Number of protein chains: 2
Amino acid sequence: MIKLRDLEYLTAIAEYKHFGRAADACFVSQPTLSGQIQKLEQRLKLTLIERQPRNVMLTPAGEKLVQQARQVLNAARNFEEAAKSLLDPLSGDLHIGLIPTLAPYALPHIMPSLNSKLAKINFYLHENKTQDLLDQLTTGKLDILILPWLPDMTGFERYDLFNEPLVMATSPSHVLANKSQVTFDDLHNQKILTLEDGHCLRDQAMGYCFSAGAEEDHSFRATSLETLRYMVASNMGITLLPQLATLNYAPQQHIHYIPFANPKPMREIVLLCRTGYARMESVRAVVNEVRQAVKGLFD
Amino acid sequence: MIKLRDLEYLTAIAEYKHFGRAADACFVSQPTLSGQIQKLEQRLKLTLIERQPRNVMLTPAGEKLVQQARQVLNAARNFEEAAKSLLDPLSGDLHIGLIPTLAPYALPHIMPSLNSKLAKINFYLHENKTQDLLDQLTTGKLDILILPWLPDMTGFERYDLFNEPLVMATSPSHVLANKSQVTFDDLHNQKILTLEDGHCLRDQAMGYCFSAGAEEDHSFRATSLETLRYMVASNMGITLLPQLATLNYAPQQHIHYIPFANPKPMREIVLLCRTGYARMESVRAVVNEVRQAVKGLFD
DNA sequence: AATATCAATAGATATTAACTATGATAAAAC
DNA sequence: GTTTTATCATAGTTAATATCTATTGATATT
């Protein structure tokens, strides 16, 4: 039977394409790693690594087996995590991935209670675009994602957290600024400022706006919600913001936030983790705390 | 890092609930296994096994970790199989699960070409009820299933093989015996002989018949299609048989097989394997051969 | 009370993964 | 064209440890 150590060596080579550095990463000497890899190749009767001078690379067979090896190592990590979590259920490290249009506005509401109620869990927060988060969840770099649900997010465990309305943001001098509600029809022919590509908020907000007959301002795409907010304040256009991003920001920045009349555009914020993840107790605890924490934020 | 050997010991104990027998299964002495399990428990700081005199059992923590351990061992097996299959892609052992209402009638059509075209693969055939097959596929005891598709079979890779019509079987003296086609309405108030519980053909055929107003003969449930066939021949009632079970059987047994008018009742025969299974080449080859082999059997 | 069953312990042995030191080879530098 | 550097392979040694056999201890069963 294969040894887990061998698989670690193999994946390290795949990562670094360099025996010395891979050996360092495994905390062994280079000859040790070289020798073990050779033995592995002999046992499997396969050449896994192409040793060109100054250029180490994997053979096709090597690539394939590295994938399998990562699966095994992930399962082994799961075993150890499950063991630790049995010893002390709500403890250990938990890596949470969030998207940039949610993290800075939601975290102030949820992290205090997470940190106090689940004090033995160390929360690591990672901000990234949706697709990267999903990849990192799959590979095990992240344990939990909190993001707006999209229908193609299959193959994960899903927990609904809350529905976040999008609201209209205008400068005080804008024609819509003093309405108490914005209707679908109000959007007709309005010019909308948007985020740059890759933000799921962009796709979602634009979908809503276009179907209402609004137009995107193609001359500008913001890299963050804050940029967008400043543009709106400078009377360059209007935009849609998630409601969490509008709390405690209104007075000082001369922006009017106006809710939509029904049907309100919404983001369905969910928590995802891998199906079969070893620490479901921690996940469920987080889900409960987040639900508690946002209770009452949305009417 | 945990060792795979430890996980094998743990799962062996889970299987045999007996140190001696588990040790035999692992090809080591009993003290070796005892010692390693103890070390494992110390490392994890968890009691995994309850050692009652003459009664070895797992603690709840043990049960949980055994599950995780099996995952790891499955992944490791996958790695080794992937390696072997890279060495010689279409070779090795392949365990195929089939249901009893399909296997004896389909295998004569498909095994000859599988054995000749994929001569280096050793095919092991397992006949069992659907739910058992799915469990065994999940746990890795089986590599491939061939059975009628049901909507709850999620989480596997699926390949459509062929659609098998069901046909009406009657004795020659039955009122429907000499029709060239049976319609939905012909079933009204007919008495249908059925298989015993657990056969998916029973559920499927009955679903069709009941919706047509037919009635089940509650006084009798057959344990196999062959019993059913004899009952029909003895003029005890009529039944629905999958078409493959009617080929080359008609003349000698005095049964009339009558096709249905559209919409024909159908079984959608699919091939399932685990997603991410390491030997997809072999699976695809089997899929292709089976599709070839049944081509022309159904008009 | 005697015996059988079964897991734990003790001590010896063999395997092997790891180390340090060195060698070999080819690209890069002068 | 020679030297230097980078990089992986080889050799020999050491330390760790999984395994074995033999035995003990404890508890049901007869």
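A note on names: the letters A, B, ... follow the listed sequences, proteins ahead of strands, and every chain is numbered from 1. Please read all numbers here as calculations on a predicted model, not as lab measurements.
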Crowded around [X] [atom1]? As in, over 12 foreign heavy atoms under 6.0 Å?
X: Lys45(B); atom1: NZ; result: no
X: Arg284(B); atom1: CZ; result: no
X: Lys129(B); atom1: NZ; result: yes

Looking at [N], I'd like to know if its phosphate oxygens (OP1 or OP2) sit under 4.0 Å from a side-chain N or O belonging to [X].
X: Gln38(A); N: dT10(D); value: yes
X: Lys39(A); N: dA17(C); value: yes
X: Ser34(A); N: dA9(D); value: yes
X: Lys3(A); N: dT16(C); value: no

[atom1] of [X] versus [atom2] of [N]: gap in Å, rounded?
X: Ile49(A); N: dT7(D); atom1: CD1; atom2: P; value: 16 Å
X: Arg5(B); N: dT15(C); atom1: CZ; atom2: P; value: 15 Å
X: Gln36(A); N: dC19(C); atom1: CD; atom2: C1'; value: 12 Å
X: Glu50(A); N: dC8(D); atom1: CD; atom2: P; value: 14 Å
X: Glu41(B); N: dA7(C); atom1: CD; atom2: C1'; value: 13 Å
X: Ile37(A); N: dT10(D); atom1: CD1; atom2: C1'; value: 17 Å
X: Leu40(A); N: dA9(D); atom1: CG; atom2: C1'; value: 17 Å
X: Ile13(A); N: dT7(D); atom1: CD1; atom2: P; value: 13 Å

Handout entry: Selection: residues 14-32 of chain B, any non-hydrogen atom under 4.0 Å of DNA chain C
Key = His18(B), Phe19(B), Gly20(B), Gln30(B), Pro31(B)
Fill in the blank from the handout: 5'-most contact on DNA chain C (nearest-nucleotide basis), Gly35(B) vs Arg43(A), goes to Gly35(B)
Practice task
Scan side-chain atoms only and decide if Gln131(A) and Asp135(A) contain a donor-acceptor pair under the 3.5 Å cut-off.
Solution key: yes
Practice task
Hey, could you give me each pair passing ring-ring contact (aromatic ring centres under 6.0 Å, His included) that has a residue in residues 75-102 of chain A? Not counting sequence neighbours.
Solution key: His95(A)-Tyr124(A), His95(A)-His126(A)
Problem - Side chain Glu8(B), main chain Cys26(B), donor-acceptor under 3.5 Å - result: no
Problem - Selection from dA18(C), dA7(C), dT19(D) that lies nearest to any side-chain heavy atom of Arg51(B) - result: dA7(C)
Exercise for the section: Sequence neighbours left out, what passes salt bridge (Lys or Arg N to Asp or Glu O under 4.0 Å) with Asp24(A)? Give chain and number order. Expected result: none
